[in-house]
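Quick note: numbers below take in every heavy atom, side chains included, and nothing from hydrogens, waters or symmetry partners. In what follows, chains carry the letters A, B, and so on, assigned in the order in which the sequence lines appear, proteins first and then strands, with residues in each chain numbered from 1.
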Protein chains: 4
Amino acid sequence: MNKKREIESSVKDESLIEKRREQMIRGAVTLFKEKGFHRTTTREIAKAAGFSIGTLYEYIRTKEDVLYLVCDSIYDEVHSRLDRLDIEKGSISVLVAAIEHYYTLIDEMQDEFVVMYQESKSLPKDALNYVLNKELQMVAIFERLLTQCVDNEEIQMTPKEVVMAAHHLFVQGQMWAFRRWALDDFTIQEFIDIQTKFLLQGMAGENISIQEAKS
Amino acid sequence: MNKKREIESSVKDESLIEKRREQMIRGAVTLFKEKGFHRTTTREIAKAAGFSIGTLYEYIRTKEDVLYLVCDSIYDEVHSRLDRLDIEKGSISVLVAAIEHYYTLIDEMQDEFVVMYQESKSLPKDALNYVLNKELQMVAIFERLLTQCVDNEEIQMTPKEVVMAAHHLFVQGQMWAFRRWALDDFTIQEFIDIQTKFLLQGMAGENISIQEAKS
Amino acid sequence: MNKKREIESSVKDESLIEKRREQMIRGAVTLFKEKGFHRTTTREIAKAAGFSIGTLYEYIRTKEDVLYLVCDSIYDEVHSRLDRLDIEKGSISVLVAAIEHYYTLIDEMQDEFVVMYQESKSLPKDALNYVLNKELQMVAIFERLLTQCVDNEEIQMTPKEVVMAAHHLFVQGQMWAFRRWALDDFTIQEFIDIQTKFLLQGMAGENISIQEAKS
Amino acid sequence: MNKKREIESSVKDESLIEKRREQMIRGAVTLFKEKGFHRTTTREIAKAAGFSIGTLYEYIRTKEDVLYLVCDSIYDEVHSRLDRLDIEKGSISVLVAAIEHYYTLIDEMQDEFVVMYQESKSLPKDALNYVLNKELQMVAIFERLLTQCVDNEEIQMTPKEVVMAAHHLFVQGQMWAFRRWALDDFTIQEFIDIQTKFLLQGMAGENISIQEAKS
DNA sequence: CATGAATGAGACTTCATTCAT
DNA sequence: GATGAATGAAGTCTCATTCAT
């Protein structure tokens, strides 16, 4: 499995560590959103967190640790809010609810999503792998939901199509966070409705042959 | 309109400028892909381009200029290769061909696409605006194609759905560049086929009501 | 008025700032004297001050700040040593004492004077204005002294002549600092005596008409 | 003696050298006045002179050569305009005329004077010596004039006082070029008149004892 | 545990000078 | 003789990280 990476801290008191890291993450997200990881200095992070640069380094070892903590914490929150979707008995209506739930989540955590996707490339290799793996786990939730619909015979898809569809709807969610500059005519509800409509039709349609369309 | 930003050069010979910038862009894309804009030094760019740091600065004024040139050149290439799609008489089969053409293009220019989307946020504000505007122009090509299909009555969509659908398929294309790490089971042709199928069904399906699905 | 420009420092301890800037100024004066502002590097300044380049930049923001601090500190010292001359009841004997005091001061601070006058032109505009203004305040001390002598009827001068005379004796002082290469036959006392003699005669003499002399 | 330093040129045609250097000096003076020697680039000098950087270096070897040529040419012009003052039979009235002539000259060549005095410190050692020596020759003109007046018994001065007085009036002239920012209430004629008056009185006065004044 | 002053590697950029054309 | 593209040493400044208090 993909074990959580431990970030070393010279402080012993675990609850203090948690508290300080919380402060640090909150400050860092705002800064990263605003100026990106590279243009944000450790001093600024410390200041935004409400303590000194010296204290910051009591709780991390490198600046990249901060980025890792930020990404990890975002994923954790997303995960915990998506977990209830990971149920036994999926169906189209569950899927639709899941999408609404997920897209709403993205709308609420827009800044965090943008930061995570813009900056995670700056993580050290192993941290990046850890984070990408977490993302796959999230995609897998949708894969399972879709597979259950296929098993239900509510939709017809090959396994590969299921994988693709899961990524597909996942990425459309990111689009809401990333392309707000181009989608400012849409409300989140409109976005959800249209995307859901596309998706359902895309899955349920009576197999128009691509060959036919190409002709 | 959105005029091309002129990057100052202290060299006068226009054809030399073009040649050197070509070298520079080629080197920079590779480096940016590998380490990102911020971790790439100007010296490395110069070296990769095959000339000295002093020469580099004969053709640009700041490091950000390199990024701008890179993004601009990528857009230009994409534009020129997409231009033939911007025709008078669109139809479903033209649309399908366009998608195939576009996704193939992304496959071929994967590195460039990743660099452009990962790093353009580091552009100075006005350069960023210029680049985002160019992107909208590309989305608009697909909007026109879709609108023509609507006019043809080949598909039924509201204008807003057209906008969304254009972004939608545009973003799915980016997905191919960005999520190769997760899609390594798919060939580009599979990707195109599945995406096209989703799309066509999504548009052509007999309007499954979302409300119905939600129930 | 002409408020002192605050030079930003990222260090908080005010007394430390003062101490470090003191070191820095001392080192810089020597270097500027020797090689001028432009030929002196920030690294050399840091080294001469006894700390690292990083530390230097904890106490200033730009190299020009160093020059400003140097000029400001010199003016401050000169001012404080000239202040006692700014008295209520001036007279010729006070004026003579003042000149001796001032020229002695210049002799003792020769290096500083030369640096200040050679390099202040490299200050940013507002800093230059501040410094020139400070110089005018010093000239004004002599103007007041002269005006009091005029009021006393010890000397006869028009207000414009007073202004000119103040600049005149001020500049003669600078001459001692700047033209030592040409005046190495003179001791400071000889210089003071001769200058004072010229000055007193220049003011007290029975108005030889220039027209007469020109004839 | 102080032989003129030859500046090497790879061009043979002497009259061309002279012409090009003329252009170069004219451009350089303006630039040095505006931004100082160090902040002026060789490219700028070439451009202001009306030819390319390559051509500039056909006529000099280093940037400092330009400064030397500038200073030398200024001195030459001043010299040639002051030469007629170097006569056999001096007198007070000749002296007064000489001062007027000299101060007028400074007024007309203000920019050149400022450049020369501000920047000559940046000359290489031997060039600086050459230039300082030229200055001494100019002071010597006034020394001779004064000595002749002493010989005439028009004025009474010790030889040392003569030296000092020559420097004195020389420096007052520089004051007109350098302190215009503080003397903008004065016209050149007022300046000349007041300075001349001070000077004549300073020399002619009936030896007020300094000791007496100090008491 | 908290602080913040000190450090120095390393980044970007400039510009005097050269030399092939 | 003239040109201007190429060079790279050297300069200013930043910032992640350490460590004494």
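- Two residues are said to be in side-chain contact when any heavy atoms from C-beta on lie closer than 4.5 Å; C:Glu64 and C:Phe37 meet this criterion.
- Within the 4.5 Å cutoff, no side-chain heavy atoms of D:Ile60 are placed close to those of D:Tyr68.
- By the 4.5 Å heavy-atom criterion applied to side chains, B:Ser122 and B:His38 are counted as neighbours.
- The CZ atom of D:Phe37 sits 8 Å away from the P atom of E:dA16 (whole-angstrom rounding).
- Here A:Ser52 lies in heavy-atom contact (under 4.0 Å) with a base.
- Residue contacts for B:Arg39: at a heavy-atom cut-off of 4.0 Å it reaches no nucleic acid atom on any strand shown.
- A donor-acceptor contact closer than 3.5 angstrom is absent between the side chains of A:Glu112 and A:Tyr117.
- Distance CG (B:Leu56) to C1' (F:dT7): 13 Å, rounded to an integer number of Å.
- Contact annotation for B:Thr62: backbone-only contact, meaning every heavy-atom pair under 4.0 Å involves sugar-phosphate atoms and none involves a base.
- Figure legend. E:dT18 is base-paired to F:dA5; pairs are counted as Watson-Crick or G-U wobble with both atom distances under 3.5 Å.
- Here C:Tyr57 reaches the OP1 or OP2 of F:dC13: one of its side-chain N or O atoms lies under 4.0 Å away.
- Atom-to-atom, NZ of C:Lys63 to P of E:dT14 comes out at 16 Å; the value is rounded to the nearest Å.
- Of the residues near DNA chain E, C:Arg43 and C:Glu58, the one whose nearest nucleotide (by heavy atom distance) lies more toward the 5' end is C:Glu58.
- Counting only N and O atoms by type, the side chains of B:Asp72 and B:Tyr130 include a donor and acceptor under 3.5 Å apart.
- In this structure, NZ of B:Lys47 is placed 18 Å from C1' of F:dA6, rounded to the nearest angstrom.
- Atom CZ in B:Phe51 sits roughly 8 Å away from atom P in F:dA6 (whole-Å rounding).
- Applying the 4.0 Å criterion to OP1 and OP2 of F:dT7, one finds that B:Thr55 has a side-chain N or O inside that range.
- Atom CD1 in A:Ile60 sits roughly 13 Å away from atom C1' in F:dT18 (whole-Å rounding).
- Distance OH (B:Tyr59) to P (E:dT13): 18 Å, rounded to an integer number of Å.
- Heavy atoms of B:Thr40 sit under 4.0 angstrom from primed sugar atoms or phosphate atoms, though from no base atom.
- Phosphate contact (OP1/OP2 of F:dA6, side-chain N/O of B:Arg20, threshold under 4.0 Å): present.
- Within the nucleic acid shown, A:Thr42 comes within 4.0 Å of at least one base atom, counting heavy atoms only.
- To the nearest angstrom, P of F:dT14 lies 16 Å from CD1 of A:Ile53.
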